[in-house]
Amino acid sequence: MKTIAVTGGKGGVGKSTAAILLANKLRSQGKSVILADLDVECPNDYLLLKKSSDGELKKSVESVFAQFPHLDKSKCKKCGLCVQKCRSHAIFKAPNQYPVFLPELCSGCQLCSHICPYQAITMKKRTIGKIYQKKIATDFYLVTGKSKAVLEETGPVVSGTRRYAEALGKKMKADYLLLDTAAGMHCSVIRGLLAVDLVYAVTEPTPLGAHDLE
């Protein structure tokens, strides 16, 4: 199975349209295709591919989880070490107060739990996204990832959606896996570009678009 990513530094330039056209081109050549929508904050491939009677993400096939910190106040000494070391700035602490965790910013790296000298921080699992699967045609499946609202760190949802699509492709013995990434060059986009065979980068035909694409 060959893996092709479709990406672009700027939103609204037709990246998803290009991914769907590529999928249909491959199908016209007799190839079986899995298309994975990795723009998990705002997926729209399912809208572009919808039929008049079917345009919603319905029952999910899998949930994506992440570990988030939980504070045991009976053990916490308010030392503030967790606040100092958090690279995501996901912990806030007022003077002489207990730290407050901001799950919207948390990457789930678990560093705070490991470095707490009083073992006051444990990790608890939460659902951060859902994965959906839809059969578009006999040889064409769409896998869609969707993160929870206001989630800042969407990388785990992207990775989970990609893993699911890869497993489905292997099960179906698909010829191609197409990865439609989010716009930009942030970590969630990079997760969709790692270890692919080919990347199509899409932009509008302007000098600024060409500059940003380069």
Side-chain angles (χ1 to χ4, degrees), residues 3-20 22-23 34-48 57 60 62-69 82-92 101-112 123 125-132 142-166 177-214:
T3 303
I4 300 176
V6 182
T7 192
K10 186 174 181 296
V13 297
K15 172 176 55 61
S16 294
T17 301
I20 291 171
L22 178 58
I34 306 290
L35 172 60
D37 192 344
L38 303 184
D39 187 358
V40 299
E41 293 181 74
C42 189
N44 61 10
D45 289 1
Y46 75 98
L47 293 172
L48 297 174
L57 293 175
S60 62
E62 191 172 294
S63 296
V64 181
F65 301 94
Q67 299 283 346
F68 291 96
C82 56
V83 181
Q84 298 171 23
K85 299 298 183 180
C86 179
R87 295 183 178 182
S88 301
H89 306 289
I91 310 175
F92 169 79
F101 299 100
L102 308 175
E104 295 83 5
L105 300 178
C106 180
S107 65
C109 71
Q110 306 185 35
L111 176 64
C112 57
M123 305 301 293
K125 186 169 70 172
R126 295 186 190 177
T127 302
I128 60 171
K130 300 281 188 179
I131 300 173
Y132 301 84
L142 173 66
V143 175
T144 302
K146 186 172 179 59
S147 63
K148 291 187 68 175
V150 306
L151 181 69
E152 182 75 16
E153 178 53 63
T154 59
V157 184
V158 172
S159 295
T161 304
R162 178 171 174 172
R163 283 194 298 269
Y164 183 91
E166 289 171 342
L177 170 62
L178 304 184
L179 306 174
D180 182 12
T181 78
M185 282 303 297
H186 47 86
C187 294
S188 296
V189 175
I190 297 300
R191 291 191 186 216
L193 297 177
L194 292 173
V196 301
D197 297 299
L198 182 67
V199 176
Y200 281 103
V202 183
T203 192
E204 79 280 9
T206 65
L208 180 60
H211 175 274
D212 289 349
L213 189 67
E214 184 180 3

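The figures here come from the full heavy-atom set of this structure, side chains too, leaving out hydrogens, waters and symmetry mates.
Atom OH of Tyr46 and atom CG of Leu35 lie 14.0 Å apart (nearest 0.5 Å). With rounding to the nearest 0.5 Å, the separation of OH in Tyr132 from CG in Asp37 is 12.5 Å. How far CZ of Arg87 is from NZ of Lys85: 9.5 Å, rounded to the nearest 0.5 Å. One distance of note links CD1 of Ile128 with CD of Gln67; it measures 10.5 Å at 0.5 Å rounding. The CG atom of Leu194 sits 12.0 Å away from atom OG1 of Thr3, with the distance rounded to the nearest 0.5 Å. Going from atom CG of Leu142 over to atom CG of Leu57 covers 8.5 Å, rounded to the nearest 0.5 Å.
Other residues, nucleotides and ligands place more than 12 heavy atoms under 6.0 Å from the NE2 atom of His186.
Contact between Lys15 and Gly8 at its shortest, heavy atoms only, is CD-N, 3.8 Å. Listed here is the closest heavy atom pair of Leu193 and Arg162: N-NH1, 4.1 Å. Ala182 approaches Asp39 most closely through the heavy-atom pair CB-OD1, 3.5 Å. Closest heavy-atom contact between Ser16 and Leu48: CB-CD1, 3.8 Å. In plain terms, the two heavy atoms of Gly160 and Ile131 that are nearest each other are O-CD1, 3.5 Å. Considering all non-hydrogen atoms of both residues, Gly192 and Leu179 come closest at O-CD1, 3.3 Å.
For the pair Cys106/Pro69, a side-chain contact is recorded, criterion being any heavy-atom separation below 4.5 Å from C-beta on. No side-chain heavy atom of Ser88 sits less than 4.5 Å from a side-chain heavy atom of Glu153. Looking only at side-chain heavy atoms (C-beta outward), Leu178 and Val6 stay at 4.5 Å or farther from each other.
Of the options Thr181, Val157, Val64, Thr144, a side-chain contact (heavy atoms from CB on, under 4.5 Å) to Val40 is made by Val157 and by none of the others. Screening Leu177, Leu22, Asp180 for a side-chain contact (heavy atoms from CB on, under 4.5 Å) with Ile4, the sole residue that qualifies is Leu22.
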Steps toward side chain to side chain contact (heavy atoms under 4.5 Å, CB included) verdict (Asp212, Thr203): CA-CA 9 Å; Asp212 289 349; Thr203 192; 5.8 Å; no
Residues Thr154, Ser188; criterion side chain to side chain donor-acceptor pair (under 3.5 Å); working and verdict: CA-CA 6 Å; Thr154 59; Ser188 296; 2.7 Å; yes
